[in-house]
Amino acid sequence: MQKRWIFNEDFDGDAINTLQQELNVSHTLAKLINQKGISSFNEAKSFFRPTLDQLHDPFLMKDMDKAVNRLTEAIANEESILVYGDYDVDGTTAVATFYGFLSKFYQKLEYYIPDRYKEGYGVSEDGIRYASQNGYSLIVTLDCGIKALEKVDLANELGIDVIICDHHTPGEETPNAYAVLDPKQVDCNYPYKELSGCGVGFKLLHGFCLQSGFEIEELYQFLDLMAVSIASDIVPITGENRVLAYFGLKKLNQSPRPGLKALIDLCKGNRDLTISGIVFGIGPRINAAGRMDHAGSAVALLLAKDEEEANLLADMVNTKNDVRRDFDNTITEEAIQMITTNDSLTHAKATVLYKEDWHKGVIGIVASRCIEKFYRPTVILTESNDKVTGSARSVDGFDVYAAISECSDLLEQFGGHMYAAGVTMSVDNVAAFQKKFQEVVARQITDEQLIPSLYIDTVIRLEEIDRKFFNVVNQMAPFGPQNMQPVFMTEQIQATNVKLLKEQHLKFTAKQEGTNVAYDAIGFGLGEYYDLVNCGLKFQMAFTVEENDFRGHKTLQLFVKDIKFDD
């Protein structure tokens, strides 16, 4: 699929010159560093050499003092505490962190994960009533609760205090909870707004440690879970998140807890885990527990005390992931066939598909897969509990939540954000929703938004790339949203030793006119360019620089993102 190349023009020439001299790096490296928002030696030092001292004071967050005092009081009075978390990776890692830390010294504690199919997303009435019937006087919600107005009122009526730890955007009204921790509240002055749900729970424990005199190092033992949460919830890898992810990845690669080690072993990776490795390896396996069954098994895995227990639970979770993958592949194939065999769907600017027996747990994944192939806003619908429920995903720059809002007269419930949303409606409204959503998108989306974008940081020549260059770029990690791995563009490239792998991947040696430097290059999914590249045509190439480790022999390799020919 043809991509739009968008070049990063956001840099400060004077700052680049200063960084080049003060850091003793090339002009290209100084430009890349400046594009990370760095203008001075001290800023560069704190970016390249993060420390846990850079974490913000938790008491800067609105209601933190109230939350810490209530938690401290509950422990002092030996009250029963229910730790309530969402069923996705962020929620389950948050519960494992919060419960895992407190249970080291406090026993009147239990965790509760709602059933995706019976209770649905967020704080449920079943959960509140369970707490009441079992004598819990304090509920701490993690990665949910910011819109649970009625459920918090019910808890209050039943004599239960609620501390909300959430990171989603609040509605016009905030629940009447004992304390609400959410840095996205308009009147919250916390300096960093993009924490994960697990991150907000972590900050409550951070505040608790500072006030109670608990050893903060005990809390840092849970940073491996923080890294999994940050990666899997696709939050920005900037500021406090980057510090947490940096040290979390260190723990994950050096001394992970038994449950995560068992998952890492299942992924069979022989390299250090990265944010991307979590997103595609660890995260889906944890998520599969809540998609295919009940997410409680994922929390049990993350809390496993020894290798034997961890391996047993990891095998169960992995089996669920295999089932999830089969559903995902089958439904994706059906969805793609529905589009390609229907002329109006093939040429539409949005996709809305409905089949009553599709598995609710994978429809979000299927929506993403359809976008990979057709690149346009997509809603996948299925039937669940006599209602139609759906997941929407969007393309770069298009607000799918706003488009769904325009169809709200046909919906019983909807929620989400710019790039992902969920909907619930009656079966009778499916056809009308399909028609209206298509019309809204067709009216609002631009032709440019229907072409995938490739963001390029800078133009470079191949001779600039060497081991020192790679080492500096690599220290900009962990890479992820808003701190992406630098993408380079170079021109006048000719390929030799061209090979087509598995009929779809392109492998070649890249040489540039005017230099003797050559690098092995691989372009996954770029097999369509084989003939043009193989016949000696010169081309431009967008790529990242990676390290290839083959039986202990490490070489630099170019990962090609896209190719354009001069003509």
Side-chain angles (χ1 to χ4, degrees), residues 58-74 79-88 90-92 94-95 98-99 110-116 119-134 136-190 193-205 207-208 233 401 405 408 412-417 421-422 424:
F59 290 98
L60 294 171
M61 195 178 293
K62 185 192 175 192
D63 274 6
M64 182 60 78
D65 51 347
K66 289 171 71 177
V68 169
N69 289 339
R70 184 66 186 91
L71 181 61
T72 306
E73 178 189 299
E79 296 178 52
S80 294
I81 303 170
L82 189 65
V83 180
Y84 187 111
D86 189 27
Y87 41 65
D88 68 0
D90 193 14
T92 50
V95 168
F98 206 88
Y99 177 90
E110 189 187 352
Y111 62 82
Y112 185 101
I113 308 283
D115 186 294
R116 178 190 287 260
E119 298 171 72
Y121 169 76
V123 181
S124 69
E125 184 176 334
D126 284 0
I128 301 294
R129 296 208 179 275
Y130 176 87
S132 176
Q133 288 155 12
N134 290 276
Y136 291 95
S137 53
L138 177 63
I139 298 174
V140 180
T141 76
L142 297 159
D143 191 34
C144 58
I146 196 62
K147 290 189 175 177
L149 304 173
E150 293 168 7
K151 307 302 188 298
V152 170
D153 286 344
L154 175 62
N156 292 335
E157 284 170 28
L158 296 169
I160 304 167
D161 287 338
V162 180
I163 296 172
I164 292 170
C165 299
D166 204 349
H167 70 129
H168 296 101
T169 305
E172 289 179 17
E173 206 179 330
T174 307
N176 187 27
Y178 189 92
V180 179
L181 303 181
D182 186 336
K184 290 198 175 86
Q185 291 180 88
V186 177
D187 55 349
C188 178
N189 295 320
Y190 194 71
K193 302 293 183 184
E194 300 299 336
L195 292 169
S196 64
C198 185
V200 178
F202 181 90
K203 295 308 293 190
L204 173 52
L205 293 175
F208 175 78
D233 220 54
Y401 178 77
S405 300
S408 60
E412 292 182 12
Q413 263 186 307
F414 69 99
H417 52 78
T424 306

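Note that the structure is predicted; figures quoted are calculated from it, not measured.
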Between Tyr130 and Tyr112, what is the ring plane arrangement, given parallel below 30°, perpendicular above 60°, and tilted in between?
tilted
For the side chain of [X] and the backbone of [Y], is there at least one donor-acceptor N/O pair under 3.5 Å apart?
X: Tyr111; Y: Thr92; value: no
X: Asp63; Y: Val180; value: yes
X: Tyr178; Y: Asn156; value: no
X: Lys184; Y: His167; value: yes
X: Asp90; Y: Cys198; value: yes

Do [X] and [Y] have side chains that get closer than 4.5 Å, going by heavy atoms?
X: Lys66; Y: Ile163; value: no
X: Asp126; Y: Pro114; value: no
X: Lys203; Y: Tyr190; value: yes
X: Leu204; Y: Val68; value: yes
X: Val200; Y: Asp182; value: no
X: Tyr136; Y: Ile160; value: no

Would you give the length of the straight line joining atom CG of Leu158 to atom CD of Gln133, rounded to the nearest 0.5 angstrom?
9.0 Å
Interatomic spacing from CG in Asp187 to OG1 in Thr174 - rounded to 0.5 Å
7.5 Å
Quick one: do Val152 and Ile164 satisfy side-chain contact (heavy atoms from CB on, under 4.5 Å)? Show the steps, please.
CA-CA 9 Å; Val152 170; Ile164 292 170; 4.1 Å; yes
Minimum heavy-atom distance [X]-[Y], with the two atoms named:
X: Ile146; Y: Pro175; result: O-CD, 3.1 Å
X: Ser124; Y: Tyr84; result: N-OH, 2.9 Å
X: Cys144; Y: Asp166; result: C-OD2, 3.2 Å
X: Cys188; Y: Pro183; result: SG-CA, 3.8 Å
X: Glu79; Y: Arg70; result: OE1-NH2, 2.8 Å
X: Leu142; Y: Phe98; result: CD1-CB, 3.7 Å

Start with the C-alpha distance between Glu73 and Asp161, add both sets of side-chain angles, then the distance that settles side-chain contact (heavy atoms from CB on, under 4.5 Å), and finish with yes or no.
CA-CA 12 Å; Glu73 178 189 299; Asp161 287 338; 5.7 Å; no
With sequence neighbours excluded, tell me which residues meet salt bridge (Lys or Arg N to Asp or Glu O under 4.0 Å) with Glu119.
none
Residue Glu150 excluded, over 12 heavy atoms near CD under 6.0 Å:
no
Passes side-chain contact (heavy atoms from CB on, under 4.5 Å), Val140 versus Cys165? Steps please.
CA-CA 7 Å; Val140 180; Cys165 299; 4.1 Å; yes
Does the pair Asp143 and His168 meet the rule for a side-chain contact (heavy atoms from CB on, under 4.5 Å), with working shown?
CA-CA 8 Å; Asp143 191 34; His168 296 101; 3.3 Å; yes
